[in-house]
Amino acid sequence: MDVVYFAWVRERIGVPREQVETSAATVADLVAELSAREERYAAAFADLSALRVALDQELSDFDAALEGVREVAFFPPMTGG
Amino acid sequence: MDVVYFAWVRERIGVPREQVETSAATVADLVAELSAREERYAAAFADLSALRVALDQELSDFDAALEGVREVAFFPPMTGG
Amino acid sequence: MQVRVQEAGFDLGAESDTFAAGVGGAGAIVTFTGVVRDADGGGLEAMEIEHYPAMTQKALEAIATEAKIRWELSDALVIHRYGRLVPGERIMMVATAARHRKHAFEAAEYLMDYLKSRAPFWKKEILSGGQADWVSAKADDEAALERW
Amino acid sequence: MQVRVQEAGFDLGAESDTFAAGVGGAGAIVTFTGVVRDADGGGLEAMEIEHYPAMTQKALEAIATEAKIRWELSDALVIHRYGRLVPGERIMMVATAARHRKHAFEAAEYLMDYLKSRAPFWKKEILSGGQADWVSAKADDEAALERW
């Protein structure tokens with residue numbers, strides 16, 4: 001599964017994109033798995049209310065299932081316009 | 001006193017501007033005086049709710065006093081924009 | 001702040017660029033442009049716009065000044081034409097510049113609402129059959145002023 | 001309908017003219033332009049705009065399509081830049097065309113409200129002292145969506 005990061009999430013994790021081997025069922029499971037893996041993930045994911053997630057380029061939420069998903073994106077609330 | 005007319009008020013009265021000798025105290029008095037004078041005024045002024053008045057180029061109302069006023073304008077509700 | 005009442009057409013792109021170039025620290029620029037559209041039943045040949053020359057400039061300046069103060073605008077522009085226009089021609093435009101988008105939008109809507117009902121213009125629709133009708137003021141347009 | 005995500009600048013006047021030329025029977029055209037303004041405390045050197053290329057075009061098209069349907073727009077345009085911009089540069093613009101002014105205004109405000117909070121852009125302010133801060137999403141901007 002491709003996992004991509006933007007803005008300060010990207011800066012905290014230190015890479016813009018990576019391939020993750022996981023059997024996480026939901027986004028929340030993936031977050032827990034990564035956070036347990038290394039401190040930089042735990043730091044980036046410390047406050048989920050400050051994060052947004054997109055699955056295959058569609059905004060989604062942390063309860064969503066990952067089955068069939070090819071790209072997960074984590075980023076702060078958007079500031080376009 | 002100069003009296004000017006616009007849009008269908010001008011068309012009904014038949015002139016865009018005229019000098020009127022009057023001692024009318026208010027706009028309503030002037031309207032009554034003109035309406036009594038000729039049918040074309042009575043026709044133009046038949047429904048005051050469909051008319052607006054400006055005194056010296058400022059929107060006003062039919063109760064307003066005419067003392068010191070140099071130009072009275074009668075017209076339908078405006079349709080700018 | 002600029003207010004222009006004119007018979008000639010205006011160049012929307014050039015006016016937008018000139019306005020945007022002069023707004024200093026504003027973060028938000030809104031423009032509104034009014035275009036002559038066909039009559040509801042079709043067959044509009046022309047729109048004749050009459051105005052009250054001695055009052056028009058003054059009335060538009062009062063409206064623009066009020067908007068500028070109320071929304072702390074960096075700048076405001078109003079252009080309004082009179083005379084004979086055909087469908088597709090631009091009748092008027094307003095532009096507003098403010099620090100934040102909400103103010104620029106509100107000020108532009110305010111300008112439009114007041115232009116519609118408080119600026120001394122009257123429109124006559126000339127239909128292709130020769131019929132000519134003065135456009136009636138809409139109750140909606142008068143009601144729009146209550147928002148402010 | 002046109003949606004463009006680009007690093008290059010855009011010509012507000014030319015875009016406005018091209019848009020206005022193509023709107024057919026619309027009577028009302030609204031444009032909004034966003035400009036990089038200085039930081040609240042001053043000293044903004046640049047604004048860096050990051051985006052999510054695979055998602056941006058799609059997200060903007062979805063927002064513009066929704067606006068077009070909801071307000072029966074004749075046309076809609078969205079241009080949004082990314083990359084490094086300096087104060088005074090134009091970040092983005094939207095344009096809407098509708099029969100009536102209320103629809104054109106509402107649709108433009110809707111586009112802006114959604115662009116602010118639902119299009120995948122993130123802004124970083126680079127101050128002249130070298131400090132760099134990600135711009136936080138505003139509660140106001142999120143709240144603005146409740147209107148729709």
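Please read these numbers as outputs of a predicted model, since none were measured by experiment. Proteins come first, then strands; the chains are lettered A, B, ... in the order of their sequence lines, and each starts at number 1.
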Most chain C-contacting option - heavy-atom pairs closer than 4.5 Å, from [options]:
options	result
D:Val36, D:Val94, D:Val30, D:Asp11	D:Val30
D:Met112, D:Lys116, D:Glu15, D:Glu109	D:Glu109
D:Ala104, D:Gly24, D:Ala14, D:Ala26	D:Ala26

As an exercise: rank C:Asp17, C:Thr31, C:Thr33 by heavy-atom pairs under 4.5 Å with chain D and give me the winner.
C:Thr31
Could you check whether the rings of D:Phe105 and C:Phe105 sit parallel, tilted or perpendicular, using 30° and 60° as the cut-offs?
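Perpendicular: the ring planes of D:Phe105 and C:Phe105 meet at over 60°.
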Contacting region of D:Arg99 [heavy-atom separation from chain C under 4.5 Å]
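Both the backbone and the side chain of D:Arg99 come within 4.5 Å of chain C.
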In terms of heavy-atom proximity below 4.5 Å to chain D, should C:Asp140 be classed as side chain, backbone, both, or neither?
neither
Give, as side chain, backbone, both or neither, the part of C:Ala108 having an atom under 4.5 angstrom from any heavy atom of chain D.
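Both the backbone and the side chain of C:Ala108 come within 4.5 Å of chain D.
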Contact summary for C:Leu12 and D:Ala20, nearest pair of heavy atoms
CD2-CB, 3.7 Å
Just checking [X]: does its [atom1] atom have more than 12 heavy atoms from other residues, nucleotides or ligands closer to it than 6.0 angstrom?
X	atom1	value
C:Gln6	CD	yes
C:Lys124	NZ	yes
C:Glu89	CD	yes

Does any part of the side chain of C:Met93, heavy atoms only, come nearer than 4.5 Å to the side chain of D:Ile29, both counted from C-beta?
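SC-SC contact between D:Ile29 and C:Met93 ruled out.
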Is the closest side-chain heavy-atom distance between D:His100 and C:Arg37 below 4.5 Å?
yes
Measuring from atom CG of C:Asp141 to atom NZ of D:Lys102, what distance do you get when rounded to the nearest 0.5 angstrom?
11.5 Å
